[in-house]
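Residue numbers begin at 1 in each chain, while the letters A, B, ... track the order of the sequences.
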2 protein chains.
Amino acid sequence: MVKKRVSSRRNRRVTLRDIAEATNVSVMSVSNVVNGKSQFVSRATRLKVEAAIKKLKYVPSATSRKLRSSQEFSIGMIIMDEAPVFLADPFICLLVAGLSNHLSSNNYSLTIQGVRPESFKQASLFSVAGTDALCAILCGSEADRRKNVEFMMGRHQPVVLFQDKLNIKASGIAMVSQDDEKGGHSITSHVISRGAKRLLFVRPLVQWPAIEKRLKGVKKAIARKKGVTLDILKCEESTFEKTQEALAEYLADAEVPDAILGGTDAMGIAAMRYCQDQDFDVPGEIMVTGFNGFSASNFSTPSLTTIISPAYEMGQLAGQLILDRLRTGRFSARNTLLPVSFKQGGSA
Amino acid sequence: MVKKRVSSRRNRRVTLRDIAEATNVSVMSVSNVVNGKSQFVSRATRLKVEAAIKKLKYVPSATSRKLRSSQEFSIGMIIMDEAPVFLADPFICLLVAGLSNHLSSNNYSLTIQGVRPESFKQASLFSVAGTDALCAILCGSEADRRKNVEFMMGRHQPVVLFQDKLNIKASGIAMVSQDDEKGGHSITSHVISRGAKRLLFVRPLVQWPAIEKRLKGVKKAIARKKGVTLDILKCEESTFEKTQEALAEYLADAEVPDAILGGTDAMGIAAMRYCQDQDFDVPGEIMVTGFNGFSASNFSTPSLTTIISPAYEMGQLAGQLILDRLRTGRFSARNTLLPVSFKQGGSA
DNA sequence: TTGAAAGCGGTACCAT
DNA sequence: ATGGTACCGCTTTCAA
């Protein structure tokens, strides 16, 4: 005896079958209508079905489609940060916007999550999200980052890493970065050409590969110059107040630098405002620069000399790489480096 | 004859059944191990299964679980914006971070998407994401917003709206806002108490309900005061340059205002810097204020007098409301208004 | 153009 | 504590 579906059960979701029964059409025809495959459906059937869909308020189940077709149409993005406010940095926000928009226009969705470094593997994204591929921006030591990457690859999904340079020989991973080293070099050369001798690089305590690369560029620019020295100041966090506190402590018993190189725009501006509060003239007595300049670099007086980041484009590019990889089975580029540009402001 | 699963098929994903076969245990026991229900599994079985899981590199399928359990463990968030960079405003970023973190700690994931007003209904989030509930922050006329909300509710999911005040009598919707009217009132009263007579409110062209409420507060504060006037300047976009352009045009043939009230911090700072470039003293000749103050309000000289927004808390609260609603079937609050606070800076 | 049946990979439910 | 089986709602596949 054929089991009859109890269609009167309350609160049951309306399914393709309900539409099929209501219209005396097969489930497949309904499916074809829903998916706009009008080639396989007669006009009469389509109209009948569309009417029933409207009448019964049918909403397709994305999950069922995913399960059956073994595709998630969804990408996960993990943002590692020590602070809970993982979207505080405009760089991250632009990156995510670029990624999200590219995916959206290709009918993919983006699931995001911020995680603290110590609880990376517990991220609910991994257990509950259902993704076709993963993106991440990681901090920490190379060993730590490598472990986390291997964890992601253990999920049998392609991985795109931002702002990283891990040397991993696997076809499932790609990296998208901006040329931080060049940026660090440019901005340092600039202040040196303006006469700075004693430089101070202000950086967050946390190890971000991007910051290390900036610093590398800074050192390279100094290497050839006679009489130019570099101090490095680590700030516990990269907030306005913490940066100023750290700088105050440093200036208490160090010679005043000629130029302060901020690891980010926010740190640069915090430093600049502190110097001004101490009655130093910027850039007359102390030059100050930022990094990853967005609108905020215009907020200060003088405006901040900084390095402009292609963050939005990096997000877009990552989306493109991922979708191509899902289609073709291979990454068209494994290691992309996008150019940055120098922005002259009034602060250096 | 029992159909035997062809386990040699290449590239097939490893499933619970594979683990069950490999360990001579039932599928359910494997499931119970995977879900940590150790109450139902003997130690010996558990160990066997765990070993096989590691060996075969089993990764659970979130989607299958979702389909079977009729829960998505996922919330969607739609951010309506005319600009593609939908995460440009720190208010949105903090809101999203608060929401995401709350959901994550309850093992829910967050899917986000920015949409332009005219393509709201086509958002891929609706068709491909698979969510239990929806959040949104909308702009546009009340009629437009209402249509979009009705569209969301047509998906049979709870909806939480941020910064809105639509009067909708349905149990499936809740609203979470900050007290923008009070904020507008506070900041206006402040500049009036400092002697401002001619006020200029600078706002984006787009209709955000939050901006309308701020303006309402501004007008309320003025209503009782003799000799205080208000002009409203609409900027095409709320970017730095567009704000300054609009202001330049306004000042070309209007009397100089005593106070400029920025609709957001970014607009306030743009206005302030323009005034300073025109050699006006801030706050001596012109006072300037912002709204939704975050770290950027410290970036300017002088720092910006502004209204501090509980954006992160709003996100958290929305997460809490949603999860409660999914558990209990009803919203514990339908219309929440979070307090804002006044922040004294140097600009007014 | 239409339809019937299998099955995606889990969990609910019930029996033992 | 363990196992058998139906089934979540859709798409794939193949036959008509």
Side-chain angles (χ1 to χ4, degrees), chain A residues 1-7 9 11-21 23-49 53 56 58-73 127-130 132 155-156, chain B residues 1-7 9 11-21 23-49 53 56 58-73 127-128 130 132 156:
Chain A
M1 179 186 149
V2 177
K3 224 178 196 171
K4 179 81 172 133
R5 188 169 268 272
V6 185
S7 60
R9 184 155 35 120
N11 266 343
R12 225 193 77 250
R13 118 174 246 155
V14 176
T15 70
L16 281 186
R17 278 186 175 75
D18 296 321
I19 307 295
E21 283 175 16
T23 50
N24 275 315
V25 175
S26 76
V27 178
M28 273 320 298
S29 294
V30 180
S31 173
N32 285 329
V33 171
V34 169
N35 294 313
K37 314 211 174 190
S38 44
Q39 342 138 17
F40 302 140
V41 184
S42 71
R43 188 183 148 76
T45 304
R46 180 167 57 77
L47 293 177
K48 249 199 313 189
V49 169
I53 285 176
L56 299 184
Y58 168 69
V59 178
S61 156
T63 296
S64 305
R65 192 166 73 103
K66 291 175 185 194
L67 177 58
R68 180 54 236 221
S69 62
S70 301
Q71 280 189 72
E72 299 287 345
F73 303 99
S127 51
V128 307
D132 292 314
R155 306 188 54 86
H156 318 309
Chain B
M1 180 184 150
V2 177
K3 224 179 195 169
K4 179 82 172 126
R5 185 168 271 273
V6 184
S7 60
R9 182 151 39 117
N11 266 342
R12 226 193 76 250
R13 111 176 253 155
V14 177
T15 70
L16 279 188
R17 281 182 172 78
D18 296 321
I19 306 295
E21 281 175 19
T23 51
N24 276 316
V25 174
S26 77
V27 180
M28 273 320 296
S29 294
V30 181
S31 174
N32 284 329
V33 171
V34 169
N35 294 310
K37 314 210 174 188
S38 44
Q39 344 140 16
F40 302 141
V41 184
S42 71
R43 187 183 147 77
T45 305
R46 181 166 58 77
L47 293 176
K48 249 198 314 187
V49 169
I53 286 176
L56 300 183
Y58 168 70
V59 178
S61 157
T63 297
S64 305
R65 192 167 72 105
K66 292 175 185 195
L67 177 58
R68 179 55 227 204
S69 62
S70 301
Q71 281 189 73
E72 298 287 346
F73 305 101
S127 51
V128 307
D132 292 313
H156 318 308

Set of side chain to side chain donor-acceptor pair (under 3.5 Å) partners for [X], sequence neighbours left out:
{"X": "S26(B)", "answer": "S29(B)"}
{"X": "S42(B)", "answer": "T45(B)"}
{"X": "S70(A)", "answer": "none"}
{"X": "T23(B)", "answer": "none"}

Just to verify, what does [X] make a side chain to side chain contact (heavy atoms under 4.5 Å, CB included) with, not counting sequence neighbours?
{"X": "S38(B)", "result": "none"}
{"X": "V14(A)", "result": "D18(A), I19(A), L56(A), Y58(A)"}
{"X": "A129(A)", "result": "T111(A), L125(A), T131(A), S109(B)"}

Axis deviation across the helix from dT1(C)-dA16(D) to dT16(C)-dA1(D), five-pair ends, to the nearest 10°: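 It works out to 30° between the end axes.
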Any residue of residues 64-72 of chain A with a heavy atom less than 4.0 Å from an atom of DNA chain D: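 Listed by number, they are S64(A), R65(A), R68(A).
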Near-strand residues of residues 34-46 of chain B, defined as heavy-atom separation under 4.0 angstrom from DNA chain C: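 When residues 34-46 of chain B is checked for heavy atoms under 4.0 Å from DNA chain C, the hits, listed by number, are N35(B).
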Collect all protein-nucleotide pairs involving nucleotides 14-16 of chain D in which both atoms are nitrogen or oxygen and the distance is under 3.5 Å.
none

Contacts of type salt bridge (Lys or Arg N to Asp or Glu O under 4.0 Å), residue R46(B), not counting sequence neighbours: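 Testing R46(B) for salt bridge (Lys or Arg N to Asp or Glu O under 4.0 Å), a comparison that skips the adjacent residues, returns E50(B).
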